[in-house]
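Worksheet for the structure shown next.
All values reported here derive from a predicted model rather than from experimental measurement. Every chain is numbered from 1, with letters handed out A, B, ... down the list of sequences.
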2 protein chains.
Amino acid sequence: MNFKEAINSIEPGSDINYQKAVERQSMLTKPAGALGFLEELSCQFSAISDEFPPKVPESPVVCVFASDHGVLEEGITPWPQEVTTQMVANFLAGGAAINAIAKQVGAKVAVIDIGVAGDTSGFAGVIDKKIRAGTDNLARRPAMSVSEAERAIQAGFDVAMSMIDAGCDMLVIGDMGIGNTTPSAALISWYTRSGVEETTGRGTGIDDDRMLVKIKAIKSALERLANEKLSDPVHVLASIGGLEIAGMVGLILAGSFRRIPVVLDGVIADAAAVVSFQLNQKVRSFLFAGHLSQEPGAQKSLNYLGLKPILTLDLRLGEGTGACLSIPIIQSAVRTLVEMATFDSAGVSEG
Amino acid sequence: MNFKEAINSIEPGSDINYQKAVERQSMLTKPAGALGFLEELSCQFSAISDEFPPKVPESPVVCVFASDHGVLEEGITPWPQEVTTQMVANFLAGGAAINAIAKQVGAKVAVIDIGVAGDTSGFAGVIDKKIRAGTDNLARRPAMSVSEAERAIQAGFDVAMSMIDAGCDMLVIGDMGIGNTTPSAALISWYTRSGVEETTGRGTGIDDDRMLVKIKAIKSALERLANEKLSDPVHVLASIGGLEIAGMVGLILAGSFRRIPVVLDGVIADAAAVVSFQLNQKVRSFLFAGHLSQEPGAQKSLNYLGLKPILTLDLRLGEGTGACLSIPIIQSAVRTLVEMATFDSAGVSEG
C-alpha cells in the first residue's frame with residue numbers, strides 16, 4: 001500500500017470509546033482523578049482501540065531508524081560519522097542502552113538502515129531499507145530529493161505495516177544518526193515558527209563553539225528553504241530533514257492508519273511527529289509522548305502538538321530509550337482501566 | 001531482631017561502588033550524561049549493593065500497610081472508615097489499582113493489617129500484624145502509646161525482614177487508611193518546620209470546608225505536641241502519627257539494615273521516610289522517591305530528604321501505585337549500567 005493512500009484514510013480517535021473510558025474511570029475503586037495522568041492515558045488509548053475495554057498492549061516493538069547526515073561537513077559535532085554504523089552493529093549485538101531498556105520492559109528491537117553512510121549489508125538482523133548512503137548537506141542544498149524522501153517514508157510505512165501484521169500492538173520510535181538533532185531542530189523551527197536558538201540543543205553535549213556552528217547551519221538551511229517557497233511537507237522534509245525522520249513519518253502514518261499507538265521518543269521522533277501532523281492532523285490521536293528530551297526542540301514540538309510527556313528524566317540519548325521507559329506506564333494505565341474493580345463489584349463505599 | 005539494634009547497625013552507601021558506577025557510566029556506548037537521571041539512579045543503586053556491578057532487582061514486593069485513624073471523628077474526610085477494611089478485601093481479591101500496576105511490572109503485593117478498625121481476620125492472605133483497631137484522635141490526644149508505636153515499627157521491620165529472607169530484593173511501600181494524609185502532613189510539618197497550609201493537601205479530593213477542618217485538626221495536634229516537649233522520634237510518631245506510618249518506618253529500617261533499596265510512594269511513605277531519617281540519617285542512601293504525589297507535603301519531604309522523584313504523573317492514590325510504576329525505571333537504570341557495551345568492547349569511536 002502506498003503511504004499517500006493511507007494519509008487520506010486515517011480516522012480520528014473514537015469519542016464514544018473515550019467517553020466510555022471516562023465513565024468507567026469514575027466507577028473504579030479509587031477517588032475520582034486519583035490516578036492523574038494515567039487516567040488521561042487510558043482514555044486516549046481507549047479512543048484509538050476498536051473495542052472497549054481495550055486490550056493491554058503486550059507486543060511493543062522499538063523501531064530504530066538509522067541514517068547519516070551530510071551536514072556533518074559543517075562541523076556541527078565532534079562525533080565521527082562512522083559512529084552511526086558502529087552503533088547499528090552495537091544495537092544488533094545487544095550492547096546499546098535501548099537493548100537493555102527494551103529487555104527490561106519486554107519490547108522487541110528492530111534496527112532499520114534507512115540511510116547509513118557505512119555498509120551494513122553484512123550485519124545479521126538489520127532491516128535493509130537504505131535509500132541512500134546519508135543525506136546531502138542541508139546547510140547548502142536539499143538534504144535529499146523529493147523522490148528519496150517519499151521512498152524513505154514508504155520504507156518506514158512498510159516496516160511498520162509488517163510489524164503490525166506480525167502482531168505488534170504498540171509502535172515505539174527510535175533513532176540513530178550522528179548529527180540528527182540538526183535536521184530535527186530545523187524542521188521544528190520551521191513548523192512551530194520558533195527561533196533557531198529556541199529549538200537547537202547541544203545534542204551529544206557539544207561546546208559553545210560547535211553550538212554556534214550548528215545554529216548557523218540550521219539558519220542557512222531555513223533561509224534556503226524560505227527562498228524555495230515550498231509548502232508540501234514532503235518537499236520540506238526532503239529539503240531540511242533526514243532519512244530516519246522520513247522513515248519515522250512513514251511509521252506514524254502506518255500506526256495511525258492501523259489504529260496502533262505510536263510512542264514518541266526524543267526530539268528526532270518529535271520532529272517526525274510535527275511533519276506527520278502536516279500530512280494529516282488526525283495522527284495526533286495515536287501519538288504518546290514517551291518522555292521530554294533535554295533538547296529544547298522537544299518541548300516546542302510537544303506544545304505544538306498538544307502532547308504531554310509521560311516521563312521527564314533528563315534523557316538526551318535517543319535510540320527510543322525514553323519512549324521505551326514509558327511503555328510500562330502506558331500499559332499500567334490501560335491495565336488499571338481494564339482490570340480494576342468498581343465500587344459496586346468490590347462492595348466498597350463511596351466518599 | 002529488635003528494630004532498635006538495627007538502627008545503630010545501618011552502614012551508609014559505599015562510596016567506592018558509587019565511584020565505580022560513575023566511572024563505568026563514562027565508558028558505556030552513549031554520550032556522557034545522555035541517560036540523565038538514570039545514571040544517577042544507577043550510581044545510587046550501586047552504592048547500596050554489596051557487589052559491583054550490582055544485580056538488576058528482579059523480585060520487588062509492594063508492602064501495603066493498612067490502618068485506621070481516630071482523627072476521622074473531626075470530620076476531615078467524607079469517606080467512611082469502613083472503606084479501609086473494604087479496600088483491604090479489594091487488594092486481596094486483586095481488584096485495586098495497585099494490583100493491576102504490580103501485575104504489569106512484575107511485583108508481588110503483600111497486604112498488612114497493622115491497625116485496621118474493621119475485622120480482617122477472616123480475609124485470606126492478609127498479613128495480620130494488627131496493633132490496635134485504629135489510632136486515637138490525634139487532634140485531641142496522642143494517636144497511640146509509645147509502646148504501640150514501637151510494636152508497629154517492629155511489625156513493619158519483621159515483615160520486611162521476612163520478605164528479604166524470602167528473596168525480595170526491592171521493598172516498595174504502599175498504604176491504605178482513610179484519613180492518613182492527616183498524620184502524614186502533621187509529621188512533615190513538624191520535622192520540616194513547614195506551615196500546616198504548606199503540607200496539607202486535599203487527599204481524596206476534599207472540598208474547601210473539609211480542608212479547613214483538616215488544617216485545624218493538624219494545627220491542634222501540633223500545638224498539643226509542642227506542649228508535650230517530646231524529642232524522641234518514636235514518641236513524636238506515637239503522638240501525631242499513624243500505625244501504617246510506623247510500620248513503614250520499620251520497613252525502611254529493615255531495608256537500610258539489609259542494604260535493600262526502598263522505593264517510596266506518596267506522602268504517607270514520605271512522612272515515614274522523614275521519621276526514619278530522624279532515627280538514622282543513613283537510611284537516606286537506601287531510599288528512592290518513586291514519584292511526586294500531588295499532596296504538597298510530598299515535595300516538602302523530598303526537598304528535606306534531598307530526594308528527586310522519578311515520576312511526576314499527578315497521582316494522589318497511594319497504595320504504592322506511584323512507587324510501583326517507577327520499578328521498571330530503576331531496573332532499567334541498573335540494567336543499562338550492567339549490560340551496556342563499552343566504547344572499547346563494542347568498537348565504537350568516541351566523540
Side-chain angles (χ1 to χ4, degrees), chain A residues 28-38 56 77-80 82-83 86-87 89-90 93-97 99-101 103-105 203-205 294 310-319 321 324-325 327-329 331-332 335-342 345-351, chain B residues 28-38 56 77-80 82-83 86-87 89-90 93-97 99-101 103-105 203-205 294 310-319 321 324-325 327-329 331-332 335-342 345-351:
Chain A
L28 300 176
T29 47
K30 58 174 179 55
L35 279 172
F37 193 27
L38 256 57
V56 178
T77 172
W79 294 77
E82 63 255 32
V83 169
Q86 292 164 346
M87 284 300 295
N90 197 19
N99 302 102
I101 296 171
K103 183 173 166 190
Q104 186 62 53
V105 304
T204 52
Q294 276 200 317
I310 297 171
L311 300 173
T312 302
L313 294 167
D314 298 331
L315 305 176
R316 51 178 172 81
L317 179 56
E319 302 180 2
T321 48
C324 215
L325 287 165
I327 294 173
I329 294 173
Q331 290 171 318
S332 293
R335 192 174 292 280
T336 47
L337 178 74
V338 173
E339 296 188 358
M340 277 179 73
T342 63
S345 73
V348 174
S349 312
E350 289 193 60
Chain B
L28 301 177
T29 46
K30 58 175 179 54
L35 279 173
F37 192 26
L38 256 59
V56 179
T77 172
W79 294 77
E82 63 256 30
V83 169
Q86 292 164 347
M87 284 300 295
N90 197 19
N99 302 104
I101 296 172
K103 184 174 167 188
Q104 187 61 54
V105 304
T204 52
Q294 276 199 318
I310 298 172
L311 301 172
T312 302
L313 295 167
D314 298 331
L315 305 176
R316 51 178 171 81
L317 179 56
E319 302 180 3
T321 49
C324 215
L325 287 164
I327 294 172
I329 294 174
Q331 289 170 320
S332 294
R335 193 175 292 281
T336 47
L337 178 75
V338 173
E339 295 187 359
M340 277 178 73
T342 63
S345 72
V348 174
S349 312
E350 289 193 59

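With values rounded to the nearest 0.5 angstrom, A:L28 atom CG is found 10.5 Å from B:L317 atom CG. Atom CD of B:E319 sits about 10.5 Å away from atom NZ of A:K30, to the nearest 0.5 Å. Once rounded to the nearest 0.5 Å, the distance linking CD1 of A:I329 with CG of B:L311 reads 4.5 Å.
Note: A:L313 leads A:L313, A:L315, A:T204, A:T336 in heavy-atom pairs under 4.5 Å with chain B. Heavy-atom pairs under 4.5 Å with chain B peak, among A:G33, A:S332, A:G36, at A:S332. With chain B as the partner, the residue from A:A100, A:P78, A:A32 showing the most heavy-atom pairs under 4.5 Å is A:A100. Among the candidates A:A341, A:A346, A:S349, the residue making the largest number of heavy-atom pairs closer than 4.5 Å to chain B is A:S349. Between chain A and the options B:G95, B:S345, B:A34, the largest number of non-hydrogen pairs under 4.5 Å is found for B:A34. Taking chain A as the reference chain and counting heavy-atom pairs below 4.5 Å, the highest number among B:E350, B:Q294, B:M340, B:M87 is found for B:M340.
Residue contact with chain B, scored on non-hydrogen atoms closer than 4.5 Å, is absent for A:V338. Both the backbone and the side chain of A:P328 come within contact range of chain B, each with at least one heavy atom under 4.5 Å from a heavy atom of that chain. For chain B, no part of A:A89 is nearby; none of its heavy atoms comes within less than 4.5 Å. Heavy atoms of A:I327 lying under 4.5 Å from chain B are absent altogether. Proximity to chain B is limited to the side chain of A:E82, based on heavy atoms less than 4.5 angstrom apart. Heavy atoms of A:A93 lying under 4.5 Å from chain B are absent altogether.
Under the 4.5 Å side-chain criterion, counting only non-hydrogen atoms from C-beta, A:E339 is not in contact with B:N99. With a 4.5 Å cut-off on side-chain heavy atoms, B:T321 and A:L38 do not count as touching.
Judged by distance alone, with hydrogens and angles left aside, the side-chain atoms of A:Q331 form no donor-acceptor pair with the main-chain N or O of B:Q104 at under 3.5 Å.
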